[in-house]
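Taking it in order: structure first as structure tokens, then the write-up.
These values consider heavy atoms only, across backbone and side chains, with no hydrogens, waters or symmetry-generated copies. Numbers here simply count residues along the sequence, with the first being 1.
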Amino acid sequence: MSPQRTPLIGIIGGYGSVGRSAAISLAAHGRFRLRIGGRDGDAARACAARLTVRAEATAVDATDTDSLVRFGQGCRTVLDCSGPAHLLADRARRAAFAAGADYVHVMGHGRAIDPVPGRTAVSAAGLSPGLSGLLPGLLAQGLCPGGRFTGCYARRGAFTRAGAVDHLLSMEHGDGVPMAVWRGGTVHTMAEVEENFLVPGVSGPLVAHPFLTGELTDRARELGLEEARWYHAFDGPSLPGVLNCSRDGHLSVRDVGARAEQLVRYSVRDAAGRTPYHVLWGSLEGVDQEGNAVTRTVLVRVEDGSRLAGAVGAFAAAAVSNGQVLRGAHEASAVLSPQAVADWLRRCVPGVSVRQTTSTPPGSFGSR
């Protein structure tokens, strides 16, 4: 394919930790031209110069519609790695469509996305939401409908301020239901915080908060799961207290800023002198086509979670640019291939570990 016909993917926030990871993944793929964008044009150019493929760079302001439209012109797809997503809302998506490009966002912002004729939008294409919502489908491949899924996102490491704001606002804007579990086709509240939650690959117990995400509810319904649970787990004594306070009532804009600063400060305190990690873990107890009871697990571990978020966003942008996603507005966990994403992470993310296991209890043949 000639350089002029090679699809161009523009990355907003392209020199940030998530955007840089996405750019590196797409450069390794080698089938796209790249445009790196951010408020600091010099930083964007420096990032583009370090890539293994030729990439252009330009300044773009994620809060300015005209700037976003100019950035998207000529792009096949715009990959949005800017934040906080809940505060920027859908300005970048509307600008991308106005420029004639499709759109992928590594986060969601708690609002439904209206489809636009002839265009594609994929949201929540990051770590959580995103990869987290793909785990049930990855584990359920080839199994009968039903089963019980339990998953967790565990972390030790400092929040960025944008990440802290998005984490707080995700609890405020309907991205999930705190203290809830999916059971028998409905959402049940009054699940309890687990004070001694154990996650494979993590030394020592964690404090795990039940949080039934919207993406897990959708996947549970789609897969016909009998039960589904999701936890946010924290490694350290400080963060759980901040998060408990954040759930006491609705946060004002001023409260969000102050609480985000607390999250950043306390996350640094909890991680001090300790090796950072980000872990996504899932376990599904189900029945295979021969009637055998099976338990499948997946464990994804990396030191820097932005590597995972950027790589999943890059996969989604590549899929959209290649015409592998139907026109319309989608969440990533509903349209991306779970196994293909897992394979992409193994190939494209330095330092990632993706382990999948299957076990069958003795004497379980015909147990259905």
Side-chain angles (χ1 to χ4, degrees), residues 3-16 18-23 26-27 32-49 51 53-126 162 165-166 309-310 313-323 325-332 335:
Q4 291 76 18
R5 298 184 63 185
T6 302
L8 174 63
I9 296 177
I11 306 175
I12 305 172
Y15 56 78
V18 174
R20 186 169 61 250
S21 173
L26 288 167
F32 303 100
R33 293 180 292 138
L34 300 179
R35 176 181 293 167
I36 307 301
R39 190 169 293 180
D40 185 335
D42 289 338
R45 284 184 284 275
C47 179
L51 296 174
V53 298
R54 293 188 64 179
E56 59 188 79
T58 185
V60 60
D61 184 347
T63 67
D64 183 85
T65 299
D66 291 340
S67 176
L68 289 164
V69 171
R70 288 193 297 271
F71 179 82
Q73 289 172 347
C75 290
R76 173 67 178 82
T77 302
V78 170
L79 172 58
D80 190 355
C81 299
S82 63
H86 286 80
L87 298 183
L88 294 172
D90 66 347
R91 182 181 289 106
R93 177 187 65 87
R94 290 184 279 108
F97 287 175
D102 291 326
Y103 178 76
V104 174
H105 200 316
V106 295
M107 284 292 293
H109 50 62
R111 302 172 181 85
I113 296 178
D114 295 328
V116 172
R119 297 263 63 93
T120 301
V122 176
S123 63
V165 169
D166 271 325
F315 180 93
V320 169
S321 298
N322 288 331
V325 178
L326 294 176
R327 297 299 185 189
H330 314 279
E331 287 201 348
V335 293

**Prompt:** Restricting to pairs with a member in residues 56-65, which pass salt bridge (Lys or Arg N to Asp or Glu O under 4.0 Å), not counting sequence neighbours?
**Reply:** Arg35-Glu56, Arg39-Asp61
**Fill in**
Smallest heavy-atom separation, Gly313 atom then Val106 atom, equals CA-CG1, 4.0 Å
**Item:** For Asp42 against Asp40, the heavy-atom pair lying closest together
**Value:** N-OD1, 3.0 Å
**Asked** Got a sec, which residues hit side-chain hydrogen bond (donor to acceptor under 3.5 Å, both in side chains) with Arg119, two or more places apart in sequence or on another chain?
**Response** Asp102
**Complete:** On a heavy-atom basis, the closest approach of Ala124 and Ala332 is O-CB, 3.3 Å
**Request:** Carefully, step by step, assess Arg93 and Val116 under the rule side-chain contact (heavy atoms from CB on, under 4.5 Å).
**Result:** CA-CA 11 Å; Arg93 177 187 65 87; Val116 172; 4.2 Å; yes
**Complete:** Tightest non-hydrogen contact, residues Ala101 and Gly72, listed as CB-O, 4.1 Å
**Message:** Under a 3.5 Å distance rule, please check whether Arg76 uses its side chain to pair with a backbone N or O of Val320 as donor and acceptor.
**Reply:** yes
**Heavy-atom side-chain proximity of Ile9 to Val104 below 4.5 angstrom** = no
**Prompt:** Should Val78 and Leu68 be marked as a side-chain contact (heavy atoms from CB on, under 4.5 Å) after you check the CA-CA gap, both sets of side-chain angles, and the distance that decides it?
**Reply:** CA-CA 10 Å; Val78 170; Leu68 289 164; over 6 Å; no
**OG1-CZ distance between Thr6 and Phe32, expressed to the nearest 0.5 angstrom** = 9.5 Å
**Item:** Residues forming a ring-ring contact (aromatic ring centres under 6.0 Å, His included) with Phe71, sequence neighbours excluded
**Value:** none
**Message:** If you compare all heavy atoms of Val60 against all heavy atoms of Gly37, which two are closest, and at what distance to 0.1 Å?
**Reply:** CG1-C, 3.6 Å
**Fill in**
Shortest non-hydrogen pair, Ser82 vs His105, comes out as O-CE1, 3.7 Å
**Asked** Any side-chain heavy atom of Ile11 sitting closer than 4.5 Å to one from Cys81?
**Response** yes
**Fill in**
Between the CG atom in Leu79 and the CD1 atom in Ile12, the distance rounded to the nearest 0.5 Å is 8.5 Å
